[in-house]
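The next block holds one structure in the form of structure tokens; read it before the comments.
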2 protein chains.
Amino acid sequence: MPSDTKSRIQAVARELFVQQGVQNTSLRQISDRLGITKPALYYHFASRDDLVRSIVEPLVEDIERFAATRGPGDARVLLEDYFELIWRHREVIVMMVRDLSALGYLDLGERMFGWRRQIIALLFGDEPTTAQRIRATVALGGMSDCAVEFADLPLNEVKPTAVEAAAAALALP
Amino acid sequence: MPSDTKSRIQAVARELFVQQGVQNTSLRQISDRLGITKPALYYHFASRDDLVRSIVEPLVEDIERFAATRGPGDARVLLEDYFELIWRHREVIVMMVRDLSALGYLDLGERMFGWRRQIIALLFGDEPTTAQRIRATVALGGMSDCAVEFADLPLNEVKPTAVEAAAAALALP
DNA sequence: GTCTATAGTGGGATAGAC
DNA sequence: GTCTATCCCACTATAGAC
């Protein structure tokens, strides 16, 4: 029954963060919309950063599990599963990429770089050539852009073509 | 002779913005590094936003000219020229994408959407199918990511493969 | 063209009552 | 769990002397 106050705070905060950016959203705005006062937030979260972190965490955990638990396998299936992963989290991804510098304390820049390297390793092995890394960047970055730009379309109108384009960028057979 | 104070302010500001984000950089930091005081900046720029705008402007003008003055032509050449365009501006693009929400007052989100639509029109005509728009997003977004992620490599080590991957994503012959 | 001094604002955060 | 009241801080911006 996660409709307690803590969850409601997170829901409102996520909505405001996505709409207008993390930096542009104050605790005041969040508490106002909930009909409570600013200090009340501090009963549920130790700090503003703590609140932001709690919203980004599910995405981070999902991606890290994806990159860590997967073995080498069919590249096309990997692209499909990766697309579904970022599609599930596309709202938080919008929030993240639009405000990366505001989330600097989470080291997201560095960590994203690490995730991508792991996925490239699944595609091309531990020592990919520069050309392979470039192709993988077009493929993975392009799919991310699709999940963001076509966020309002149904998944099955976007995924097949996005995966097809990414596979072509990778020069998959 | 653009080594006057105004240009030096812009150079220092751009460097700090790229390094640590726009929102995370204060006028104080900029003036300190220049060895002048904060109010001195206001002699050269009407406001903080005005300074930021002056740094983003060259990129915006270049892209808008690119999208506006070009006719339909060879798609691969278009990809090549587009890549060189974003490569030239990759530092400011890093700054922009890492802090999009801080630049909300410049309407960059909306305008980027418009630029991309114009370039897609050059590739696929005025009424592209959804599939064409998805493929174009993978191609153009993927190339942008490359310009950012491989910013330290020489152009001719990145461009050929990035363009090749983008062309494949578009399903070009 | 640059300074000193300061106004004015808004944010995050805490103390302590209820 | 939520409130009132308040602190402290950093920032943008302006006024006015030099």
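Here is the naming used below: chain letters follow the sequence lines, and residue numbers restart at 1 for every chain.
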| remark: Arg117(B) meets the salt bridge (Lys or Arg N to Asp or Glu O under 4.0 Å) criterion, sequence neighbours left out, with none
| query | Is there a donor-acceptor contact under 3.5 Å from the side chain of Thr161(A) to the main chain of Val158(A)? | reply | no
| request: Mind checking ring pair (Phe, Tyr, Trp, His ring centres under 6.0 Å) for Phe83(B) and listing every partner two or more places apart, or none if nothing turns up? | output: Trp87(B)
| request: Take the C1' atoms of the five end pairs on each side of the helix from dG1(C)-dC18(D) to dC18(C)-dG1(D), get both axes, and report the angle to 10 degrees. | output: 0°
| remark: note: Lys6(A), atom NZ; dG1(D), atom P; distance rounded to Å ~ 11 Å
| Atom CZ of Arg8(A) to atom C1' of dG1(D): distance rounded to whole Å? | 12 Å
| field | Residues forming a side chain to side chain donor-acceptor pair (under 3.5 Å) with Gln19(A), sequence neighbours excluded | value | Glu15(A)
Considering only distance and modelled atom types, tabulate donor-acceptor pairs under 3.5 Å from the side chains of residues 57-75 of chain B, sequence neighbours left out.
residue: Asp62(B); atom: OD1; partner: Arg65(B); partner atom: NH2; Å: 2.6
residue: Asp62(B); atom: OD2; partner: His89(B); partner atom: NE2; Å: 2.9
residue: Glu64(B); atom: OE2; partner: Trp115(B); partner atom: NE1; Å: 3.2
residue: Thr69(B); atom: OG1; partner: Arg65(B); partner atom: O; Å: 3.0
residue: Arg70(B); atom: NH1; partner: Asp81(B); partner atom: OD2; Å: 3.1
residue: Arg70(B); atom: NH2; partner: Asp81(B); partner atom: OD2; Å: 2.9
residue: Asp74(B); atom: OD1; partner: Arg76(B); partner atom: N; Å: 2.9
residue: Asp74(B); atom: OD1; partner: Val77(B); partner atom: N; Å: 2.9

| query | Excluding sequence neighbours, so at least two apart, what forms salt bridge (Lys or Arg N to Asp or Glu O under 4.0 Å) with Glu149(A)? | reply | Arg116(B)
| query | Is there a side-chain polar atom (N or O) of Thr37(A) under 4.0 Å from OP1 or OP2 of dT2(D)? | reply | no
| said: Does the protein touch nucleotides 11-16 of chain C at the base, only the backbone, or not at all? Give it as B, S and - per nucleotide, heavy atoms under 4.0 Å. | reply: SBBB--
| Residues two or more places apart in sequence or in another chain: which of them pass salt bridge (Lys or Arg N to Asp or Glu O under 4.0 Å) with Asp107(B)? | none
| Counterpart residues, salt bridge (Lys or Arg N to Asp or Glu O under 4.0 Å), relative to Glu84(A) (two or more places apart) | Lys159(A)
| remark: Rounded to whole Å, CG of Leu41(A) lies from P of dG1(D) at a distance of 14 Å
